[in-house]
Amino acid sequence: MDTKKDIVLMSVPLLQLDSAITGPYALKSVLQSEGFSCKVYDFNTYLWYEIGDRAPELWDPNGTVFGIQEELDTYLHIIHPVIEQYVREIMENDNPDWIGITQFAWTSGNISKLIIAEFKNQGFIGKTVLGGPNCMEYNPDHHMWNVGDHIIYGEAEISLVELLKGNTTYPGIDNKNFLQLQKLDDFPYPDYSDVQWDHYNTTGSNYGEDAWRNPNRLLNNLYVTFSRGCVRQCTFCDIHAMAPKFKFRAGQRVADEIVHHHKTYPHIKKINFTDSLINGSVSQFEKFLDTIIEYKENGSLPNDLIFWGQAIARPANQHPESHFEKMKKAGIRSLSVGIESGSEAVRDHMKKKFSNADLDYTIEMFEKYNLSLSALMIVGYPTETEKDFQDTLDLFTRHKDKSCIGNVAIGPTMVILPNAHIAPMVPELGIHGDVNGDWVLDENTLEVRIERWLRLREHLLELNYRVSPDRHSKQIQEYRDKLIEIRQGKRDPNQRSYIEEWGYDNILSKKDEQ
């Protein structure tokens, strides 16, 4: 039997161990519908399955090993033999003409270099292509430039097919002039048949006795996409770089996809949505809820199937109480809501477009219908004053008795992403870099932002909120200590700015140290 594949797609670390990202599996179904053979591998869990017992720390949520070459080098003695084995298996079993590697995050690059080098070392003569969200950062000055034969910018459903057909001039192939997909429902459902369900870790910890290689514990969740892009144009966000316009699917079609996955993979108990917000189209969101309720009532879906995702806070005239009642009945278990700040003034500048009254209403509805809300927060937005920050503290004090706020996730203080809407506003706002290259606006220095971040975390813990994921606190405290020593003249300015510590390019120049 000929097992040769036209293309092998793969995801690479660092990714969560309790889920399989949907991108490669969505592309597989598209490629197959166009007559191309495809196999998907998850090297993140492949590596975990081989060495997770010896180096579980590699998958710590706040880990930087895969993103920083010097740190990765210290683990190559155990990682590289696995890469050699992995590549050998693909060469023997699939003998592909193409290798496609998802660049999901800033940690994807260095390991991708090693994998591509090993393919070449083992005689691979085909072509390689990189794609995914982090590719939007790739330019001639980036360390990943020219690592693969091609880069696909933006969505790849059409451009990857064109590339395999030999059309290297299609928009988005090796240039950022990509064409955004207009009708998401035109594409087939993702094909998850290559998922190795027993290679994942759903225990919540990488260090427990049953976290590694437990054949009786299968991955029990899948990702589904309702929409791409966002209805908001939040200044701090860069999602528009890859999806400039908000595009959404029909609620009925999304519900039907979930029925398909349930029939194909009956062990699935949870659906995670990939969306920035599942309620971007209120009408289609309500249609989805109505259809899911109907499917549960007629037995097409099990009653214990639950849903997790992200949403935006909306006023009562857009989200009446009946919507929250339907969320509960449909099985919506938890939604992450980008609150960002307790200050209306800060949120107005961010273009979040909801008031404190809207926020309080949303929290009250979550509480009434026993829905879990994960509050996403940003500390140190450029216009944030001490009063604005106090508003954030007051927000959580005001709702301290609400059990619906399941956790609070605090980002690593405000960073100015290269592709964010706020980036071109830097000159007019008067933002500049200090001796470390960290941004400053009036009294809003990195020291101030870090102190506020630590105060918010302490305040939340005192009020018995769960801060999760709490993956930034260690690095933030370490960076604070460095700043103190720099200001005291005990050490030279940092070679990497704060934003570079998190894997992003810095758009600011360092201030003249004199």
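Just so it is clear, the values below take in all heavy atoms, side chains as well, and ignore hydrogens, waters and symmetry mates. The structure displayed is predicted, hence computed values, not measured ones.
Two rings, from His261 and Tyr192, have their centers less than 6.0 Å apart. In this structure, Tyr381 has its ring center at least 6.0 angstrom away from the ring center of Phe236. Here the two rings, on Phe307 and Phe288, have centers that are under 6.0 Å apart.
Two residues are said to be in side-chain contact when any heavy atoms from C-beta on lie closer than 4.5 Å; Pro382 and Ile422 meet this criterion. Contact of the Ile312 side chain with the Arg232 side chain is registered, since non-hydrogen atoms from C-beta on lie closer than 4.5 Å. Contact check for Leu58 versus Ile51: side-chain heavy atoms found under the 4.5 Å cut-off. Between Ile278 and Gln310, the closest side-chain pair of non-hydrogen atoms is not below 4.5 Å. Using a 4.5 Å heavy-atom threshold, the side chains of Arg455 and Leu460 count as separate. At least one side-chain heavy atom of Glu384 sits under 4.5 Å from a side-chain heavy atom of Arg452. By the 4.5 Å heavy-atom criterion applied to side chains, Leu335 and Ser372 are not counted as neighbours. Put simply, the side chain of Tyr361 does not reach to within 4.5 Å of the side chain of Glu364, judged on heavy atoms.
In this structure, Gln488 places its CD atom where more than 12 heavy-atom neighbours from other residues, nucleotides or ligands lie under 6.0 Å away. More than 12 non-hydrogen atoms from other residues, nucleotides or ligands lie less than 6.0 angstrom from CD of Glu428. Within 6.0 Å of the CZ atom in Phe178, the count of heavy atoms belonging to other residues, nucleotides or ligands exceeds 12. For Lys326, the NZ atom is densely surrounded, since the number of other residues' heavy atoms within 6.0 Å is greater than 12.
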Should Glu367 and Lys402 be marked as a salt bridge (charged side-chain N to carboxylate O under 4.0 Å, His left out) after you check the CA-CA gap, both sets of side-chain angles, and the distance that decides it? CA-CA 6 Å; Glu367 183 76 4; Lys402 302 290 193 311; over 6 Å; no
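At least one test fails for Arg217 against the ring of Trp197: distance under 6.0 Å to the centre or angle within 45° of the axis.
Proximity of a side-chain donor or acceptor of Asn407 to a complementary backbone N or O of Ser468 within less than 3.5 Å is detected. Side-chain atoms of Tyr465 come within 3.5 Å of backbone atoms of Lys400 as a donor-acceptor pair (strictly under, hydrogens ignored). A donor-acceptor distance shorter than 3.5 angstrom exists from the side chain of Asp434 to the backbone of Asn436, with no hydrogens or angles considered. Of the possible polar contacts, one joining the Lys176 side chain to the Met136 backbone as a donor-acceptor pair under 3.5 Å is found. Formation of a donor-acceptor pair under 3.5 Å by the Ser227 side chain with backbone atoms of Leu277 is found in this model.
For the side chain to side chain donor-acceptor pair (under 3.5 Å) test, residues two or more places apart in sequence or in another chain that qualify with Asn201 are Thr203, Asn206. Listed by chain and residue number, Asp185, Glu257 satisfy the salt bridge (charged side-chain N to carboxylate O under 4.0 Å, His left out) test with Arg249 (two or more places apart in sequence, or in another chain). With sequence neighbours left out, the salt bridge (charged side-chain N to carboxylate O under 4.0 Å, His left out) criterion links Arg466 to no other residue. In terms of the side chain to side chain contact (heavy atoms under 4.5 Å, CB included) criterion, residue partners of Trp308 (sequence neighbours excluded) are, by chain and number, Lys270, Asn272, Ile306, Arg333, Ser334. For His262, the ring pair (Phe, Tyr, Trp, His ring centres under 6.0 Å) test picks out no residue, with sequence neighbours left out. Take His459 and apply the ring pair (Phe, Tyr, Trp, His ring centres under 6.0 Å) test, not counting sequence neighbours, and it matches no residue. Shown here are the salt bridge (charged side-chain N to carboxylate O under 4.0 Å, His left out) partners of Glu340, two or more places apart in sequence or in another chain: Lys352. Listed by chain and residue number, nothing satisfies the ring pair (Phe, Tyr, Trp, His ring centres under 6.0 Å) test with Tyr223 (two or more places apart in sequence, or in another chain). Residues forming a salt bridge (charged side-chain N to carboxylate O under 4.0 Å, His left out) with Arg54 (at least two apart in sequence, or on another chain): none. Under the side chain to side chain donor-acceptor pair (under 3.5 Å) criterion, Tyr75 pairs with Glu57, sequence neighbours left out. With sequence neighbours excluded, the residues that form a side chain to side chain contact (heavy atoms under 4.5 Å, CB included) with Leu461 are Arg457, Val467. The ring pair (Phe, Tyr, Trp, His ring centres under 6.0 Å) check on Phe246 picks up Phe248, with sequence neighbours excluded.
Each of Met350, His349, Glu344 was compared with Val346 under the side chain to side chain contact (heavy atoms under 4.5 Å, CB included) criterion, and only Met350 meets it. Applying the side chain to side chain contact (heavy atoms under 4.5 Å, CB included) test between His323 and each of Glu286, Gln318, Met365 identifies Glu286 as the sole match.
The pair Asp275-Arg228 does not count as a salt bridge, with every side-chain nitrogen at least 4.0 angstrom from each carboxylate oxygen. The existence of a salt bridge linking Arg487 and Glu447 is confirmed by a sub-4.0 Å separation between a basic side-chain nitrogen and an acidic carboxylate oxygen. In summary, Asp438 and Arg449 do not engage in a salt bridge, as defined by a charged side-chain N under 4.0 Å from a carboxylate O. Between Arg314 and Asp358, none of the side-chain N atoms (NZ, or NE/NH1/NH2) sits under 4.0 Å from a carboxylate O, so this pair counts as no salt bridge.
Atom-to-atom distance recorded for Asp290:CG and Phe285:CZ is 10.5 Å, nearest 0.5 angstrom. Remark: Glu500 CD to Ile68 CD1 distance equals 10.5 Å, nearest 0.5 Å. Rounding to the nearest 0.5 Å places CZ of Phe104 at 10.5 Å from CG of Leu14.
Ring orientation note: the planes of His267 and Tyr265 are nearly perpendicular, at an angle over 60° on the 30°/60° scale.
Residues Asp42 and Ser11 bring a donor and an acceptor atom of their side chains to less than 3.5 Å of each other. Side chain to side chain, Gln103 and Ser112 meet the donor-acceptor criterion of an N or O pair below 3.5 Å.
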